[in-house]
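Step one of this worksheet: look at the structure below.
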Amino acid sequence: MTDVDLADADLHVGDRPHEVFRHLRDNDPLYWNPDGKEPGFWSVTRYEDCVNVQKDPRTFSSNQTNTLGPHRNTGDQGSGKMINTTDPPRHTELRKLVNKCFTPRAIAALEPYLRSVVRDVFADALEQGECDFATVVAALPVAGISALLDVPRQDWDLMLRLTSTAFGSHDSEYQMTSDVRANAAQAHGQLLLYCQGLVEKRRKSPGDDIVSLLARSQDAGVLSEEECLLFFDVLMLGGNETTRHAAVGGLLAFMEHPDQWDRLRKEPELVPNAVGELLRWTSPSRHVLRRAARETELHGKTIHAGQDVVIWHTSANRDERVFDSPEVFDVGRPRSSRSGHVAFGSGPHFCLGAALAELELTVFLDELANSVSGAELLGPPDYLRSPVINGVKHVQVRLHPMG
Ligand code: HEM
């Protein structure tokens with residue numbers, strides 16, 4: 001166990017990482033992951049450390065990158081330019097530009113639209129009988145983020161293909177080339193080009209969507225052209241590549257725990273709690289990464305300036321120091337500020353889209369509980385190979401209608 005490689009995508013398939021993380025939390029809470037799939041890095045696995053590291057951007061910087069991957073050492077096009085890869089004060093300026101579009105109040109306006117999208121896709125899936133549930137629920141997040149960016153429906157499939165490739169580029173299904181780095185770069189490049197076309201259109205015919213806002217910010221000199229395009233990239237990626245995996249992981253959790261499904265259907269007021277529990281349970285964003293900007297100490301070890309620290313949400317969300325019986329999936333688990341899940345991260349980079357994701361998952365669970373009495377697994381889930389995202393690419397299920 002002392003030389004486990006947490007950067008190895010194969011380690012993260014299914015339930016395997018939980019045993020490893022429990023061992024690290026108990027025995028080596030600041031673990032030096034030796035050179036392996038990637039150059040060495042520190043790993044933080046306890047809840048409290050996870051929160052504290054993310055709240056301290058002066059010591060732990062996001063400026064180079066915020067995930068493991070081949071871009072770690074050379075940086076990539078977005079380093080130091082995007083909301084997720086900048087530190088204060090630039091990060092604060094970028095965040096202020098779009099914050100008002102993501103408040104719970106602004107996001108609530110999308111509810112009727114999202115409900116109609118989910119009702120339609122569930123009705124189709126029920127009619128078909130068998131379906132790939134991962135494809136079915138993909139419509140929900142792409143609808144949400146596309147509404148905010150005013151991306152037309154005919155381009156949803158393209159957006160999903162590009163964001164899946166950009167985030168899942170370790171996985172052979174999404175490889176355009178045999179080189180992980182080139183795969184991601186090609187997909188990002190196409191997203192940037194797509195956004196360039198949208199910006200030109202919005203300049204001629206502005207609306208109240210986020211792309212129009214970004215175009216105005218570029219014209220006002222607040223964003224460079226590159227920063228404007230990269231903003232679109234991160235919003236489309238963040239919007240698409242997490243919530244759908246939480247939804248699929250949620251369905252699988254309910255199939256494994258039918259008592260929890262029965263409870264949710266009998267007590268629909270538990271839906272907001274259940275959303276929190278499925279985020280804790282699935283931790284769609286497995287980790288975030290920070291680079292030490294100065295020397296610091298943790299658990300008696302020295303982290304040198306320039307070394308990378310990976311904060312594992314997968315582990316923090318199962319920390320028995322904070323959660324009672326963390327290995328139990330419990331839709332009635334009480335929520336409190338001390339024991340809230342950290343699936344959205346914490347500190348200044350706390351997920352910008354958290355209110356959108358929560359609304360999407362609330363609508364998802366409400367509509368699932370209203371229209372589906374149960375689900376049957378028709379084959380093993382096809383998991384995404386990634387140390388970054390906890391996802392299921394495909395899962396064939398049969399949904400049973402009510403009554
Ligand atoms: C279940 C769904 C989601 C999960 C688990 C999730 C998770 C996260 C996490 C862990 C971070 C922190 C990154 C860091 O600290 O480096 C983050 C940031 C971010 N998320 Fe999400 N996210 C979700 C949904 C969304 C959605 C729907 C959007 C839509 C726009 C979004 C956009 C962003 C953006 C732009 C950031 C960067 C914020 C910043 O650096 O200030 N996310 N997300």
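Remember, it's 1-based here, ligands and their atoms both numbered in the order they're listed.
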Quick check on contacts: which atoms of ligand 1 are under 4.0 angstrom from a heavy atom of L235? 30 (C), 35 (C)

Provide the number and element of each atom of ligand 1 under 4.0 Å from a heavy atom of R95. 38 (C), 39 (C), 41 (O)

Minimum-distance protein heavy atom relative to [atom]:
{"atom": "atom 24 (C) of ligand 1", "answer": "T242 OG1, 3.2 Å"}
{"atom": "atom 36 (C) of ligand 1", "answer": "L352 N, 4.0 Å"}
{"atom": "atom 1 (C) of ligand 1", "answer": "L279 CD2, 3.5 Å"}
{"atom": "atom 22 (N) of ligand 1", "answer": "C351 SG, 3.0 Å"}
{"atom": "atom 15 (O) of ligand 1", "answer": "R290 NH2, 2.6 Å"}
{"atom": "atom 13 (C) of ligand 1", "answer": "V288 CG1, 3.6 Å"}
{"atom": "atom 25 (C) of ligand 1", "answer": "G238 O, 3.2 Å"}
{"atom": "atom 12 (C) of ligand 1", "answer": "H349 O, 3.4 Å"}

Cationic tip of R318 above W281 ring, under 6.0 Å, 45° of axis: yes

May I ask you to check if ligand 1 and H91 share an N or O to N or O distance below 3.5 Å? yes

Test your reading of the model: is there a side-chain donor-acceptor pair from H91 to the backbone of H349, 3.5 Å cut-off? no

Look at atom 30 (C) of ligand 1 and find which of F350, F231, F344, F102 reaches it with the closest heavy atom. F102

Would you tell me which option among G347, A343, G353, P348 has the nearest heavy-atom contact to atom 5 (C) of ligand 1? A343

